[in-house]
Amino acid sequence: MGGVIVTNPPKADAKDVEALAAFGVATVSEAMGRTGLLGPSIRPVQQGVRVAGTAVTVIGWPGDNLMIHAAVEQCGAGDILVVTTTSPCTDGLFGELFATALRQRGVRGVVLNTGIRDTQELRDMGFAAWSRAVSSQGTVKATGGSVNVPIAVDGQVVRPGDVIVADDDGVVVVPREKARETAERSEAREAKEAATRAAFLEGQLGLDRYGLRDTLKRLGVEYRSYEEYTGAGS
């Protein structure tokens, strides 16, 4: 299997990446019309961490981490490494030694559509990671692949230079051309949610704030007392 290593691909503007870092994955996805989410099986190995950065992408062979070694050279400050394989793989392709090399280059984290290992060491060193599985199964370094090409994870296309936002709720990808627009929409959504939160603290109900009583009525949902519903006392 051959492959290609693409150098110096275009990236989202660093200011837009930093702006997106202020918002959670759920907010960013909602701001893009509920798109961009990687699947719920991609989970963090730590808790309480949110990162945003530009994607360096890898596609390799199952059970083979050769192309991750090749990708390290292409990574720089502010990047997030995103790895997938040509067919499903849960082997531990990534661990503490890779994280050490990436952190030295200023990489903010890794997203693996595969397995990961050395999770305690990663938490101890504060290197953020999301993966499909945790597995101690080792790997080989024997088959070619590609770096910095478009890849697919759970039906979402991730291109080099796109923005990755990841937190306790999962991972979302923002196309690099939409980074600024998405940051602005995320800010507007946060402001709207702040107003709603204040209203709820004052006792307002979502049924009234969102105008949902009419929706219930339109759907034929009725209010009945317990006696009416059960026939009690008749």
* Heavy atoms of other groups near Glu187 CD, more than 12 under 6.0 Å -> no
* Asked: Hey, what do you get for CG (Asp162) to CD1 (Ile80), rounding to the nearest 0.5 Å?
  -> 11.5 Å
* **Straight-line distance of Gln104 CD to Cys75 SG, nearest 0.5 Å** => 11.5 Å
* Asked: Would Ile59 and Met67 count as a side chain to side chain contact (heavy atoms under 4.5 Å, CB included) if you check the C-alpha gap in whole Å, the side-chain angles of each, and the deciding distance to 0.1 Å?
  -> CA-CA 7 Å; Ile59 183 166; Met67 299 314 296; over 6 Å; no
* **Cluster link Val171 to Val28, ILVMFWY, side chain under 4.5 Å** => no
* Give the cluster check for Val56 versus Val17: same hydrophobic cluster or not, with ILVMFWY residues linked at side-chain heavy-atom distances below 4.5 Å. => no
* Kindly say whether Trp61 contributes a backbone atom to a donor-acceptor pair with the side chain of Thr85 at under 3.5 angstrom? => no
* **Contact check, side chains of Arg105 and Val72, non-hydrogen atoms, under 4.5 Å** => yes
* **Test item: Thr114 and Phe94 side chains (from C-beta on) under 4.5 Å apart, heavy atoms** => no
* Does a donor on one side chain sit under 3.5 Å from an acceptor on the other, for Thr100 and Glu96? -> yes
* Measure the spacing between CG of Leu93 and CD1 of Ile68 and express it to the nearest 0.5 Å. => 4.5 Å
* **Under 3.5 Å: donor-acceptor pair, side chain of Thr90, backbone of Gly115** => no
* Val140, Thr139, Asp64 screened by side-chain contact (heavy atoms from CB on, under 4.5 Å) with Asp91, the one that passes -> Thr139
* **Shared hydrophobic cluster for Ile164 and Met32 (ILVMFWY, side-chain gaps under 4.5 Å)** => no
* Asked: Does Glu202 pair with Arg209 as a salt bridge, N-O distance under 4.0 Å?
  -> no
* Asked: For Val82, does its backbone N or O pair with a side-chain atom of Thr57 as donor and acceptor, under 3.5 Å?
  -> no
* Ile151 CD1 to Thr86 OG1 distance, which is reported to the nearest 0.5 Å -> 12.0 Å
* Asked: Stepwise, does the side chain to side chain contact (heavy atoms under 4.5 Å, CB included) test hold for Thr84 with Val158?
  -> CA-CA 10 Å; Thr84 194; Val158 182; over 6 Å; no
* Asked: Taking NZ, NE, NH1 and NH2 as the nitrogens, is one of them in Arg103 or Glu121 under 4.0 Å from a carboxylate oxygen of the other?
  -> no
* Whether Arg159 side chain and Pro175 backbone form a donor-acceptor pair below 3.5 Å -> no
* Run the numbers on Phe98 and Leu81 for side chain to side chain contact (heavy atoms under 4.5 Å, CB included), then give the verdict. => CA-CA 11 Å; Phe98 271 136; Leu81 186 66; over 6 Å; no
* Give a yes or no on whether Lys141 atom NZ has more than 12 heavy-atom contacts from other residues, nucleotides or ligands under 6.0 Å away. => yes
* To do: Count the heavy atoms belonging to other residues, nucleotides or ligands that lie under 6.0 Å from CZ of Arg185, then report whether that count exceeds 12.
  => no
* **Spacing of CZ belonging to Arg213 relative to CG belonging to Leu207, to within rounding of 0.5 Å** => 5.0 Å
* To do: Determine, for Glu184 against Arg180, whether the closest basic-nitrogen to carboxylate-oxygen distance falls under 4.0 angstrom.
  => no
* Asked: Within the distance-only criterion (no hydrogens, no angle test), does the side chain of Arg132 pair as donor or acceptor with the backbone N or O of Cys89 below 3.5 angstrom?
  -> no
* **Short N-O contact, Lys11 and Asp79, less than 4.0 angstrom** => yes
* To do: For Glu228 and Ser225, indicate whether the former's side chain and the latter's backbone hold a donor-acceptor pair under 3.5 Å.
  => yes
* Distance in Å, Gln74 CD paired with Asn8 CG, rounded so as to fall on 0.5 Å steps -> 7.5 Å
* For Val163 and Lys178, what are the C-alpha separation, side-chain angles and deciding distance, and is it a side chain to side chain contact (heavy atoms under 4.5 Å, CB included)? -> CA-CA 9 Å; Val163 183; Lys178 296 184 177 180; over 6 Å; no
* Do the side chains of Leu216 and Tyr223 get nearer than 4.5 Å, heavy atoms only? -> yes
